[in-house]
Amino acid sequence: MTHGFETRAIHSGQQFDPTTGAVVPPIYQSSTFVQDGIGGFRGGYEYARSANPTRDSLQTLLADLEGGTAAFSFASGLSAEDALLRSVLKPGSRIVMGNDVYGGTHRLVSRVHVPWGVTLDTVEMSDLDAVRAAVRPGETDVLWVETPSNPLMKISDIAALAEIGHAAGAVVVVDNTFASPYLQQPLSFGADAVVHSTTKYIGGHSDVVGGAVIVRDDELAAKVGFIQFGVGAVSAPMEAWLTIRGVKTLGVRVDRHSSNALAIAEALSTHDAIDRVYYPGLSSHPGHELAARQMKAFGGMLSVSLKGGGAAARTFAESTELFQLAESLGGVESLIGYPSEMTHASVRGTELEVPDTIVRLSVGIEDVSDLLADVEQALDRVA
Ligand SMILES: *Cc1c(COP(=O)(O)O)cnc(C)c1O
């Protein structure tokens with residue numbers, strides 16, 4: 001019998017140590033493994049770039065939680081994305097991605113892959129007709145989807161996009177970083193690959209940088225596995241172990257992130273200083289119904305635009321006390337960011353540019369009354 005998500009998050013790939021009975025499997029902080037005679041590998045382990053038991057344990061766990069057949073763990077989200085893209089793109093290939101993907105993803109493709117002969121086109125991913133027009137049969141190799149998107153929390157229809165992408169012969173990829181597998185499992189809607197910055201909700205404690213690719217097809221798994229081994233941007237044992245430790249509480253954390261974010265979104269949507277709240281959990285959000293179908297809850301990320309413009313937005317972002325001004329997201333502690341000059345500075349001047357009126361909140365799991373009081377006092381300082 002398959003267990004529920006939260007049981008698997010704690011037990012999948014996590015057998016106790018057979019030698020000592022240690023409940024938590026040890027961190028195999030070893031670069032190489034003794035051979036019983038030449039080629040006599042114990043458990044298949046030879047050298048830690050090709051495989052390490054701690055990384056294997058994380059990979060088994062992530063594959064299970066996303067409903068894939070294989071997962072590959074990397075040193076960062078972007079190195080995971082790069083490995084996946086290098087395994088499916090070659091000079092002359094074409095990739096279509098959302099016009100509001102994570103800025104670093106756009107930078108990776110436009111400034112690393114495009115100079116090697118890849119073509120990049122961006123499209124409004126929540127507009128299925130626009131995607132149908134942009135994805136050309138036999139010419140589009142990758143359709144790259146991010147939902148919810150960053151920072152405007154647009155929701156895209158994964159099942160419909162998988163169908164459009166497959167009809168054109170493209171590999172359909174979903175960046176599932178904002179939702180996490182607890183809220184949304186893109187492979188179950190037909191996507192071919194999921195990527196994560198495990199730095200965010202999966203790690204969950206702002207203490208480790210990492211990334212992952214999860215797939216359900218053996219041929220694609222073999223290609224990504226070869227790049228992981230052949231290029232070597234693997235996660236180190238300590239990072240893999242910290243990530244496993246984080247995953248165990250993913251469900252309870254994300255439930256609290258989601259309820260806290262909804263409370264803040266509701267409070268801000270009636271605040272005088274706020275022009276608009278971008279949170280898929282609000283019924284006024286254009287992607288609300290789709291998100292309700294596709295996600296278990298609405299997550300901990302929201303953005304707001306301020307009536308007072310860029311100056312007001314900056315003041316707000318610099319005036320919170322519990323919400324710390326920092327890049328990144330998905331940790332237990334609340335963070336606030338000013339995308340146009342922080343996370344999205346690299347896409348200024350492109351069509352991915354974020355308006356200077358936008359402030360992004362990564363709502364943590366502190367007491368919601370304290371978080372509400374903090375945003376209220378910061379908005380009081382916005383003239
Ligand atoms: C942070 C992030 C990435 C990049 O991951 P790193 O771990 O920083 O390399 C990719 N996609 C999304 C949506 C992110 O938030």
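Whatever order the structure lists them in is the order used to number ligands and atoms, beginning at 1. These numbers come from the heavy atoms of this one structure, side chains and all, not from hydrogens, waters or symmetry mates.
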Around atom 2 (C) of ligand 1, find the nearest protein heavy atom and jot down its residue, atom name and distance.
Lys200 NZ, 2.5 Å

Less than 6.0 Å separating the ring centroids of Tyr201 and His196?
no

Looking at atom 10 (C) of ligand 1, what's its closest protein heavy atom, distance included?
Glu81 OE2, 3.3 Å

May I ask you to list the atoms of ligand 1 that are less than 4.0 angstrom from any heavy atom of Asp175?
10 (C), 11 (N), 12 (C), 13 (C)

Please lay out, stage by stage, how Ser340 and Asp356 fare under the test side-chain hydrogen bond (donor to acceptor under 3.5 Å, both in side chains).
CA-CA 6 Å; Ser340 60; Asp356 68 356; over 6 Å; no

Within ligand 1, which atoms have a heavy atom of Ser197 less than 4.0 Å away?
1 (C), 2 (C), 3 (C), 4 (C), 5 (O), 6 (P), 7 (O)

What protein heavy atom is closest to atom 6 (P) of ligand 1, reported as residue, atom name and distance in Å?
Gly77 N, 3.3 Å

Does Glu146, backbone or side chain, put an N or O under 3.5 Å from an N or O of ligand 1?
no

Where ligand 1 meets Ser76 - atom numbers and elements under 4.0 angstrom, heavy-atom basis:
7 (O), 9 (O)

A quick test of your reading: do over 12 heavy atoms of other residues, nucleotides or ligands sit less than 6.0 Å from CZ of Phe41?
yes

Parallel under 30°, tilted from 30 to 60°, perpendicular over 60°: which one fits the rings of Phe33 and Tyr45?
tilted

Distance, nearest 0.5 Å, that separates OG1 of Thr357 from CG of Leu306:
7.5 Å

Distance from atom 4 (C) of ligand 1 to nearest protein heavy atom, with residue and atom:
Tyr102 CE2, 3.4 Å

Quick one: does His196 get within less than 4.0 Å of ligand 1, heavy atoms only?
no

So is Lys248 actually on top of Tyr182's ring, under 6.0 Å and inside 45° of the axis?
no

As an exercise, identify every atom of ligand 1 less than 4.0 angstrom from a heavy atom of Thr199.
7 (O)

Just checking Glu163: does its CD atom have more than 12 heavy atoms from other residues, nucleotides or ligands closer to it than 6.0 angstrom?
no

Taking the six-membered ring for Trp, are His285 and Phe298 closer than 6.0 Å centroid to centroid?
no

Which of the atoms in ligand 1, numbered in the order shown and given with their element, are less than 4.0 Å from a heavy-atom of Leu78?
4 (C), 5 (O), 6 (P), 9 (O)

Could you tell me, atom by atom, which parts of ligand 1 come under 4.0 Å of a heavy atom of Gly210?
7 (O)

